[in-house]
Amino acid sequence: MELIYTEKERCRVCYTCVRDCPAKAIRIRNGQAEVITERCIGCGNCVKVCRQQAKQVYNSIPETLKLLESKSNTAAILAPSFPGEFVDYDPEQVVSMVRALGFKYVNEVAFGADLVAAQYRQLIKQNDQKSYIATTCPALVTYVKKYHPALVPYLAPIVSPMVATARALRKKYGPDLTIVFIGPCFAKKAEAQWEETGHDIDGVLTFAELRRLFELKKINGQNLQPSDFDPPYPDLGMIFPVTRGLVQTSRLSDDIIAGEVIATDGKMNFVHAIKEYEKGELQTRLLEVLCCTGCIMGPGFSQENPYFLRRTAVSKYASNRLQINRQRMSEAEWQEYSSLNLSISFEPENLDDPLPTREEIESVLRRMGKEKPEDELDCGACGYETCREHAVAILKGLAESEMCLPYTIDRLKSSLQELNLSHEQLASTRQALINAEKLASMGQLSAGIAHEINNPLGVILLYGKTMLEDCPPDSEEYQDLQMIVEQAERCKNIVSGLLNFARKNKVNLKPTNVRDLIDRCLKTIIKPDNIQIEVEHRLKTEIVEVDADQIIQVLTNLINNAIEAMPQGGAIRIQTLDHQNEWQIIVEDNGCGIPDHILPKIFEPLFTTKKEGKGTGLGLAVTYGIIKMHHGKIDVWSNADPQKGPTGTRFTITLPKQGAWQTILNSDKH
């Protein structure tokens, strides 16, 4: 039977169920919280804390209805905590409503609690040198059998009140009696299936399921005559579900000084109590442990009534019934059930759950970025108390690294950084593709225009110069002809630039000394006296494979642009840098800078901010094309706003090294 399971579509993976499971029977797999049936103890904490109602319990209503339809001799036995559930009804009304479902008998499990309490009193009296763990809570028994098998011999060999009541009723009404337990506990559903109990119970309903049955059968108690429970009647067993109820019912002493009985409850207290008991730190005759805060706070309640309201309802009911029941139950009737066999023996259910080695735990912690002890925050966000417990759970296949909140945040930050970098690279690549498309289109257009304009332009220049030679220098026509020739020469330069831009040049790679290449370039530059040029070489080897003439053309364009950006003088810095598979040339100036709105357009053909006659707008476009033909890239940074810092522009040219060229050429072939 899968007692508790997860409805995956509701699970939000908040790890609350992991945190509240004392047995750590929740496994996180593929982002879903799964209940591991063989590890589950049925305490129901995961159901109580799940706000999404993703944790569900095995539904016993269908099989109970089948029992009622097929069996005529049926009994419902109500847990003594029922007044805490039905605070809105009189107890006699509840009994009548249960009978209306089809049950022939309705009895109180509190009577079985009295029988069990007498057995504990006798056990402690006859074995004054031995210590026991009370077995009234089935979740606690399962926890010991699974997780502390060495303590199984210390489990008290006494059945629970539920089983004791069933055996008493079969003694009274015969062995064919069908019995359904109704109470607040999920673990009772599992207990009914234990081999040790001999299947004394035929079905188990929670209080919540009982209410749903009332709704299904449209039973509300208003039109029913009040009814009393069937005998046998209980005594102090009615207070059994309250914390220390076993102690009081058994009339044992829980004097702290005497230390005869130690009682505790709650999802974490019971774990600590069992661990301390196993270590021998609890010196007591009887350890009474409940996984809930008393049975009146069991997970099978349907109402959200507070603890003290439930406790008061149980105490009030016991107070009202105690004297009446004592008058109805004679000593002879009590003795009738004293010979019942209420013994039970338990077998360990070892989960074969070995602890990982220290080295394995350390390895998992390092994988989550916990290199040092101070990195282990023990924040509990993963559902485990410590980082080491989380690491152990990962090694056992119960948890995932992503459950660690600091680790996940670090990974998220890293992913965001990578995403931002990818976004920047994508934007850069997109811009490069746009520029390449523009260059290709402009190249085809430029080639056509240049060829069409060249012929008439040559005729204009020829006749203009001929007429200029024949015209007297001091005549008015001479100046007009001179203007025609100058503008025609300017057009010729533009057409020549267009042809150079449009021509599909191929790079002629040759081993070249970078130092010599830059020196040759600087010799061709006409540098004003107020401009300083500084060169710094930081290459491990100065021999590179480039087309020297084209790279000189690139540097000439960049240096001339830098000079024109510093009419009042300034400094130009040229650097060569070394990287693993690439090398760089950086040309930087402290001139006026390029405004932000212009920067994206600087590599577009025929775009220029220079005055008429000072530039064609093709220099940087040609530069861009040359670098791309070298399978490199050119990046630019510039600041034209003095309020943001020193103004200036920096061009960074990145080119592949000699060994990287073969890889690039091979990839181009494919």
Side-chain angles (χ1 to χ4, degrees), residues 493 497 500 507 510-579 582-595 598-599 602-603 607-611 613-630 632-642 644-657:
N493 290 333
N500 288 333
V507 292
K510 291 182 179 179
T512 304
N513 187 294
V514 176
R515 187 184 295 271
D516 294 342
L517 183 145
I518 294 176
D519 289 345
R520 283 169 54 196
C521 175
L522 292 177
K523 288 178 181 179
T524 64
I525 302 293
I526 300 175
K527 179 180 72 66
D529 294 337
N530 60 355
I531 300 292
Q532 301 295 324
I533 298 179
E534 176 188 349
V535 181
E536 180 183 2
H537 294 287
R538 296 170 64 182
L539 287 172
K540 293 179 180 178
T541 172
E542 296 179 354
I543 304 300
V544 295
E545 276 195 350
V546 293
D547 188 320
D549 292 335
Q550 292 194 30
I551 296 300
I552 287 175
Q553 184 180 355
V554 168
L555 292 175
T556 300
N557 284 334
L558 296 180
I559 294 171
N560 283 332
N561 285 347
I563 291 173
E564 292 177 8
M566 299 183 291
Q568 306 302 321
I572 299 173
R573 188 182 185 193
I574 303 172
Q575 285 182 287
T576 60
L577 302 175
D578 205 353
H579 297 284
E582 300 171 331
W583 65 283
Q584 290 180 330
I585 303 176
I586 299 175
V587 179
E588 187 175 7
D589 65 65
N590 58 0
C592 60
I594 305 171
I598 292 176
L599 201 59
I602 61 174
F603 294 119
F607 175 81
T608 182
T609 58
K610 296 177 182 178
K611 294 180 181 179
K614 296 295 185 180
T616 63
L618 290 169
L620 286 178
V622 171
T623 295
Y624 183 89
I626 291 172
I627 298 304
K628 285 300 176 184
M629 284 190 293
H630 277 76
K633 63 178 181 177
I634 180 168
D635 298 308
V636 59
W637 169 89
S638 188
N639 177 37
D641 186 358
K644 293 181 180 179
T647 59
T649 303
R650 178 172 66 247
F651 284 90
T652 303
I653 299 167
T654 304
L655 297 169
K657 283 188 176 179

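On a predicted model such as this, the values are computed, not experimentally measured, just so you know. Just so you know, these numbers use all the heavy atoms, side chains as well, and skip hydrogens, waters and symmetry mates.
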Listed partners of [X] passing side-chain contact (heavy atoms from CB on, under 4.5 Å), at least two apart:
X      : answer
Ala548 : Thr512, Leu517, Arg520
Lys644 : Asp596, Asn639, Asp641
Cys521 : Ile552, Leu555, Thr556, Ile559

Kindly compute the distance separating [atom1] ([X]) from [atom2] ([Y]), expressed to the nearest 0.5 Å.
X      : Y      : atom1 : atom2 : value
Leu577 : Ile586 : CG    : CD1   : 4.5 Å
Glu588 : Ile574 : CD    : CD1   : 11.0 Å
Gln584 : His579 : CD    : NE2   : 3.5 Å
Phe651 : Asn561 : CZ    : CG    : 6.5 Å
Ile626 : Gln550 : CD1   : CD    : 5.0 Å
Ile634 : Lys628 : CD1   : NZ    : 9.5 Å

Closest approach of [X] and [Y], non-hydrogen atoms and distance?
X      : Y      : result
Phe603 : Leu620 : CD2-O, 3.5 Å
Gly570 : Asn590 : CA-OD1, 3.6 Å
Lys657 : Glu582 : CE-O, 3.3 Å
Ser638 : Thr649 : OG-OG1, 2.9 Å
Trp637 : Pro646 : CH2-O, 4.4 Å
Ile563 : Lys527 : CD1-CA, 4.5 Å

Exercise for the section: Spell out, as yes or no, whether a donor-acceptor pair under 3.5 Å connects the side chain of Asp578 to the backbone of Lys540. Expected result: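 It does hold such a pair.
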
Exercise for the section: Kindly say whether Ile585 contributes a backbone atom to a donor-acceptor pair with the side chain of Thr652 at under 3.5 angstrom? Expected result: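 Not confirmed, Thr652 side chain does not pair with Ile585 backbone.
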
Do [X] and [Y] touch side chain to side chain, with heavy atoms closer than 4.5 Å?
X      : Y      : result
Thr576 : Ile518 : yes
Leu655 : Val544 : no
Ile653 : Ile551 : no

For [X], which residues count as a side chain to side chain donor-acceptor pair (under 3.5 Å) partner, sequence neighbours excluded?
X      : result
Glu534 : none
Thr647 : none
Glu542 : Arg515

Problem - Gln568, CD atom: more than 12 neighbouring heavy atoms under 6.0 Å - result: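 No, not enclosed.
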
